[in-house]
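The structure under discussion appears below in the form of structure tokens.
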2 protein chains.
Amino acid sequence: MLNQSQRSNASVQIFKALADPIRLAIIQHLNQLDHKVACGEVGRAMHISKTSGSYHFKILQEAGLISVNKVGREKYVQLDRSTFDHYLIHFWQNL
Amino acid sequence: MLNQSQRSNASVQIFKALADPIRLAIIQHLNQLDHKVACGEVGRAMHISKTSGSYHFKILQEAGLISVNKVGREKYVQLDRSTFDHYLIHFWQNL
DNA sequence: TTAATAGTTCAAAAGCTTTTGAACTATGTA
DNA sequence: TACATAGTTCAAAAGCTTTTGAACTATTAA
């Protein structure tokens, strides 16, 4: 039988990124704000350590669920709604 | 910080169920057939052991992504599209 | 009966994910 | 300059998921 990477594809990566309570809470928070916000500020609102925040934002970014831009020492993040649309809203078309 | 079960909720369970290449392949297969089919038949089509099949169907069922009915010694499964609609198609409304 | 088939359960092993704290880079401020 | 702040990286530990084969239940067929 095939191993993880042999079967892996983009949908699996998206759903793994969504399959975590902290990351869903981050998404909910970013959705409510609906504008760019610094990682640290979000992390503080989630009551997680900065290391843990860094880890979760990386997973969301690699899945294409957030877009990122760095300004000075701060990293601003924002939802990338086109990815949600593609994999969730149009799930059956894309399967 | 909270542990897994303290944060867990239904969306996380759904996305965990979707976050696996074998289970996505099963969903794809059931979607194409669009009628009841026995677990064993699906498992054979996926080239997985029956133990592994039993494990994956349990996860899909507990997430509410499939409905199940047993006839004799066979267990027939079918997609529950209302769950997909609720958590994927209406993702933002439900967040 | 006996044997075959569909599926489940169990515990162990293998594999993957998440958290942690310390050490780090880079930028901004006094 | 020195110090503070935002975020990253690393390795180890803790925790969770998946696969495996053997043993099991229940049903069907010869």
Side-chain angles (χ1 to χ4, degrees), chain A residues 1-9 11-27 29-30 36-63 65-78, chain B residues 1-9 11-27 29-30 36-63 65-78:
Chain A
M1 288 150 204
L2 304 173
N3 71 19
Q4 198 76 330
S5 73
Q6 288 171 314
R7 290 182 181 264
S8 261
N9 63 29
S11 298
V12 173
Q13 192 181 14
I14 301 292
F15 290 123
K16 281 191 175 191
L18 294 168
D20 177 274
I22 292 178
R23 291 192 294 270
L24 277 185
I26 291 172
I27 289 164
H29 189 79
L30 295 179
K36 290 175 204 291
V37 60
C39 287
E41 190 183 332
V42 181
R44 263 171 262 120
M46 302 294 116
H47 305 102
I48 58 177
S49 68
K50 63 185 187 165
T51 313
S52 177
S54 187
Y55 170 72
H56 288 296
F57 285 113
K58 187 177 167 219
I59 289 195
L60 291 171
Q61 183 176 3
E62 285 173 355
L65 293 170
I66 57 174
S67 63
V68 160
N69 77 313
K70 206 167 181 186
V71 177
R73 59 191 169 181
E74 292 186 311
K75 181 176 163 182
Y76 290 91
V77 295
Q78 181 167 227
Chain B
M1 287 150 207
L2 304 172
N3 73 20
Q4 197 75 332
S5 72
Q6 288 170 313
R7 290 183 182 265
S8 261
N9 63 30
S11 298
V12 173
Q13 191 181 15
I14 302 292
F15 291 123
K16 281 191 177 193
L18 293 169
D20 178 276
I22 292 179
R23 293 192 293 270
L24 276 185
I26 290 171
I27 288 164
H29 189 79
L30 295 178
K36 289 176 204 288
V37 59
C39 287
E41 189 183 333
V42 181
R44 263 172 262 120
M46 303 292 118
H47 306 102
I48 58 176
S49 69
K50 63 183 186 166
T51 313
S52 177
S54 187
Y55 170 72
H56 288 296
F57 285 114
K58 186 176 169 222
I59 289 193
L60 290 170
Q61 184 177 0
E62 285 174 353
L65 293 170
I66 58 174
S67 63
V68 161
N69 76 314
K70 206 166 182 188
V71 177
R73 58 189 168 182
E74 293 185 311
K75 181 177 163 179
Y76 290 91
V77 294
Q78 182 169 225

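Order of the sequence lines fixes the chain letters, A, B, ..., with proteins taken first and strands second; residue numbering starts at 1 for each chain.
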## Note on the structure
Between B/Thr51 and A/Gly53, whichever has its closest DNA chain D nucleotide further toward 5' is A/Gly53

### Message
Can you tell me if A/Lys16 touches the phosphate of C/dT17, counting only side-chain N or O atoms and a distance under 4.0 Å to OP1 or OP2?
### Response
yes

### Message
If the cut-off is 4.0 Å, is A/His56 near the phosphate of C/dT19, judged by side-chain N/O to OP1 or OP2?
### Response
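True: A/His56 side-chain N/O within range (under 4.0 Å) of C/dT19 OP1/OP2.
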
### Query
Sequence neighbours excluded, which residues qualify as side chain to side chain contact (heavy atoms under 4.5 Å, CB included) partners of A/Ser11?
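Only A/Asn9, A/Phe15, A/Tyr87, A/Asn94, B/Leu24 meet the side chain to side chain contact (heavy atoms under 4.5 Å, CB included) criterion with A/Ser11.
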
### Task
Please name all residues satisfying side chain to side chain contact (heavy atoms under 4.5 Å, CB included) with A/Ile59, sequence neighbours left out, ordered by chain then number.
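Applying side chain to side chain contact (heavy atoms under 4.5 Å, CB included) to A/Ile59 gives A/Ala17, A/Arg23, A/Tyr55.
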
Could you tell me the separation between the [atom1] atom of [X] and the [atom2] atom of [N], rounded to a whole number of Å?
X: A/Tyr55; N: D/dG15; atom1: OH; atom2: C1'; value: 12 Å
X: A/Phe57; N: D/dT8; atom1: CZ; atom2: P; value: 9 Å
X: B/Glu74; N: C/dT8; atom1: CD; atom2: C1'; value: 15 Å
X: A/Lys58; N: D/dG7; atom1: NZ; atom2: C1'; value: 13 Å
X: A/Asp20; N: D/dT17; atom1: CG; atom2: C1'; value: 14 Å
X: A/Leu18; N: C/dT18; atom1: CG; atom2: P; value: 12 Å
X: A/Leu60; N: C/dT17; atom1: CG; atom2: P; value: 14 Å
X: A/Ile48; N: D/dG7; atom1: CD1; atom2: C1'; value: 13 Å

### Message
From the set C/dA6, C/dT19, D/dT9, return the single nucleotide nearest to any side-chain atom of B/Arg44.
### Response
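Ranking C/dA6, C/dT19, D/dT9 by closest atom to the B/Arg44 side chain puts C/dA6 first.
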
### Message
Taking the minimum atom-to-atom distance to the side chain of B/Lys75, which one of D/dG7, C/dG7, C/dC16 wins?
### Response
C/dG7

Show the distances under 3.5 angstrom between N or O atoms of the protein and N or O atoms of nucleotides 3-5 of chain C.
unit_1, atom_1, unit_2, atom_2, d
C/dT5, O4', B/Arg73, NH1, 3.4
C/dT5, O2, B/Arg73, NH1, 2.8

### Message
If you assign each of A/Gly72 and A/Arg23 to its closest nucleotide in DNA chain C, which residue comes earlier from the 5' end?
### Response
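On the 5' side of the pair lies A/Arg23.
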
### Query
For A/Val77 and A/Cys39, which heavy atoms make the closest approach, and how far apart are they?
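Reported closest heavy-atom pair: CG1-SG, 3.6 Å.
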
### Query
Going from CD1 on B/Ile27 to CG on B/Leu18, what distance comes out if it is rounded to the nearest 0.5 angstrom?
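Reported value, rounded in 0.5 Å steps: 5.0 Å.
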
### Message
A side-chain contact here means heavy atoms from C-beta on lying under 4.5 Å apart; do A/Val68 and A/Phe57 qualify?
### Response
no

### For A/Tyr76, side chain to side chain donor-acceptor pair (under 3.5 Å) partners two or more places apart
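With sequence neighbours excluded, A/Tyr76 shows a side chain to side chain donor-acceptor pair (under 3.5 Å) to A/Glu74, given in chain and number order.
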
### Task
Could you pull out all residues at least two apart from B/Gln13 that satisfy side chain to side chain donor-acceptor pair (under 3.5 Å)?
none

